[in-house]
Protein chains: 2
Amino acid sequence: MFSVPTRTQYGIRALVHLARSFVQVPLSSDSDEEARGAQAVVTSAEIARTEAISPKYLEGILVQLKAAGLVVAERGKNGGYRLSRPPETIRMSDVIAALEGEVRPVDCVESSGVCAQGGSCLPRRFWLGLKAAIDGYLSSKTLRDVIDA
Amino acid sequence: MFSVPTRTQYGIRALVHLARSFVQVPLSSDSDEEARGAQAVVTSAEIARTEAISPKYLEGILVQLKAAGLVVAERGKNGGYRLSRPPETIRMSDVIAALEGEVRPVDCVESSGVCAQGGSCLPRRFWLGLKAAIDGYLSSKTLRDVIDA
DNA sequence: TATATTCCCAGTAAGCCGATAGGAATTGTG
DNA sequence: CACAATTCCTATCGGCTTACTGGGAATATA
Ligand code: FES
Ligand code: FES
């Protein structure tokens, strides 16, 4: 019950991997190229290897994470991925949202009156409470909390 | 994300329906038959009709609920279902467990070491925390809380 | 016997999920 | 420029789950 798809598990493991090799970019460095070079980009293939994830599958997940602005990609040779910002500023609710969209236990979280009870549906409040509990936990944890738990 | 199957939603709506027509059995009544007759059994078909649920589908769900001991069935003519005990003694975690089994966001809630990190896997603790948050909410609510929320 | 009901088992259509394949676009390097 | 390494895009496939339907057996009442 409430099983999380592997897509999400893989995404989080990839982010954890990136977070562990994250170093702050030194401000006002002499050249951007050197700063980027020092910035420890990790290739998708390397993450897939050390985490034992299907390489091609992981590629798509990283693209998705990039589209959400959580990671930054350097294309071309010697390219790879790095975190877009420090791990303590990335809430796990953002990660879940990027990989799976809004937490919605039942369809009637937004539009009520789906079931027979009409506007004031009893079960609906129960589901809304569950959503609040889940969202509360997810947004209370950051990627930093996960990597040094 | 975290979408709950209709099976579970239907099951809860059926239980809510039964809980609203639940009356305490008078203790030491003269005859069991009269007590049962007064006990407001509701047929599966009636629940399906007023809740607008596929009748045949709901039948199976009620059988499942009965197997878990949450409802009691009277077979034969004039039969139907009733709650096996007062709504305030039925935790929603029991209901979820009956309909879907244990809350298990990822497979590694029990056996660790599935992912590369070995025994002390970081993401795993995060998932365990999520499971605790969900379980905590579910076991804090009873069927009574749901029907008079 | 007739009727109403729970109960059991089987099947089906559609959708999702994890994974794979092939290649285009981009960028550093000799 | 040629090559290699990498991100990125699109399409597809097999397997599994889900929601639902159907047919009827068992059970109880009248
Ligand atoms: S409106 Fe969603 S359960 Fe009633
Ligand atoms: S053991 Fe489950 S995520 Fe690592």
Side-chain angles (χ1 to χ4, degrees), chain A residues 1-11 13-14 18 31-34 36-37 39-49 51-68 70-82 84 99-101 104 106-107, chain B residues 1-11 13-14 18 31-34 36-37 39-49 51-68 70-82 84 99-101 104 106-107 114-115:
Chain A
M1 179 62 205
F2 292 105
S3 64
V4 172
T6 62
R7 183 175 203 82
T8 304
Q9 302 180 42
Y10 292 168
R13 275 163 58 186
L18 291 177
S31 74
D32 279 358
E33 297 82 34
E34 284 182 8
R36 289 225 190 95
Q39 188 36 296
V41 296
V42 184
T43 70
S44 169
E46 181 182 340
I47 299 176
R49 188 168 4 95
E51 292 284 340
I53 299 174
S54 162
K56 278 299 224 178
Y57 192 35
L58 181 60
E59 278 186 17
I61 298 173
L62 285 168
V63 167
Q64 197 174 352
L65 252 19
K66 180 209 167 193
L70 296 181
V71 302
V72 170
E74 312 276 354
R75 303 190 63 176
K77 191 165 186 178
N78 297 331
Y81 292 93
R82 60 186 161 88
S84 68
L99 290 167
E100 301 204 44
R104 180 191 302 183
V106 294
D107 289 342
Chain B
M1 179 60 206
F2 291 106
S3 64
V4 173
T6 63
R7 183 174 204 82
T8 303
Q9 302 180 42
Y10 293 167
R13 275 160 61 185
L18 291 177
S31 74
D32 279 357
E33 296 83 31
E34 283 181 9
R36 289 227 188 94
Q39 187 36 299
V41 298
V42 185
T43 71
S44 169
E46 181 182 339
I47 300 177
R49 189 168 3 97
E51 293 284 341
I53 298 174
S54 163
K56 274 301 222 178
Y57 192 34
L58 181 61
E59 275 186 19
I61 298 172
L62 284 168
V63 168
Q64 198 173 350
L65 253 17
K66 181 209 167 195
L70 297 180
V71 302
V72 170
E74 311 277 354
R75 302 189 65 175
K77 193 167 185 180
N78 298 331
Y81 292 94
R82 61 187 161 86
S84 68
L99 290 166
E100 302 203 43
R104 181 192 301 182
V106 293
D107 290 340
V114 174
C115 80

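Chain naming here is simple, since letters A, B, ... match the order of the sequence lines and numbering starts at 1 in each. Scope of the values below: all heavy atoms of this structure, side chains included, with no hydrogens, waters or symmetry mates. Quantities reported herein were computed from a predicted structural model and do not represent experimental measurements.
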Of all the heavy-atom pairs spanning [X] and [Y], show the shortest one and how long it is.
X: B:Thr43; Y: B:Gly79; result: CG2-O, 3.5 Å
X: A:Gly11; Y: A:Leu99; result: CA-CD1, 4.1 Å
X: B:Val41; Y: B:Glu74; result: CG1-CG, 3.7 Å

Should B:Ser54 be listed as having a side-chain N or O under 4.0 Å from OP1 or OP2 of D:dT21?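 Looking at the OP1 and OP2 atoms of D:dT21, one of them is under 4.0 Å from a side-chain N or O of B:Ser54.
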So, OP1 or OP2 of D:dC20: does either fall under 4.0 Å of a side-chain N or O from B:Tyr10?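 So the side chain of B:Tyr10 is within the cut-off, an N or O lying under 4.0 Å from OP1 or OP2 of D:dC20.
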Option from A:Arg49, A:Lys56, A:Glu51 for which side-chain contact (heavy atoms from CB on, under 4.5 Å) with A:Ile53 holds: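 So, applying the side-chain contact (heavy atoms from CB on, under 4.5 Å) to A:Ile53 and each of A:Arg49, A:Lys56, A:Glu51, only A:Glu51 qualifies.
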Point-to-point distance, once rounded to the nearest 0.5 Å, from [atom1] of [X] to [atom2] of [Y]:
X: B:Arg13; Y: B:Leu18; atom1: CZ; atom2: CG; result: 13.5 Å
X: B:Thr8; Y: A:Phe2; atom1: OG1; atom2: CZ; result: 7.5 Å
X: B:Gln9; Y: B:Ile61; atom1: CD; atom2: CD1; result: 10.0 Å
X: B:Ile47; Y: B:Glu59; atom1: CD1; atom2: CD; result: 11.0 Å
X: A:Tyr81; Y: A:Leu65; atom1: OH; atom2: CG; result: 9.0 Å

Expressed as a whole number of angstroms, how long is the span from [X]:[atom1] to [N]:[atom2]?
X: B:Ile47; N: C:dA4; atom1: CD1; atom2: C1'; answer: 16 Å
X: B:Gln9; N: D:dC20; atom1: CD; atom2: C1'; answer: 15 Å
X: B:Arg82; N: C:dT5; atom1: CZ; atom2: P; answer: 17 Å
X: A:Arg13; N: C:dG18; atom1: CZ; atom2: P; answer: 13 Å
X: A:Ile53; N: C:dG18; atom1: CD1; atom2: C1'; answer: 12 Å

Give me, pair by pair, the N or O atoms of the protein and of nucleotides 11-17 of chain C that are less than 3.5 Å apart, along with how far apart they are.
none

Do A:Ser84 side-chain atoms and A:Leu70 backbone N/O form a donor-acceptor pair below 3.5 Å?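 Confirmed, A:Ser84 side chain pairs with A:Leu70 backbone.
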Return the angle between end axes of the helix from C:dT1-D:dA30 to C:dG30-D:dC1, with five pairs used per end and rounding to 10°.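 Computed from the C1' atoms at both ends, the axes differ by 10°.
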Is there a side-chain contact between B:Glu100 and B:Val4, using heavy atoms and a 4.5 Å cut-off?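 In contact.
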Under 3.5 Å, which N/O atoms of the protein pair with N/O atoms of nucleotides 4-10 of chain D?
residue	atom	partner	partner atom	Å
D:dT7	OP1	A:Ser44	N	2.8
D:dT7	O2	A:Arg75	NH2	3.0
D:dC8	OP1	A:Lys66	NZ	2.8
D:dC8	OP2	A:Tyr81	OH	2.6
D:dC8	N4	A:Glu59	OE1	2.4

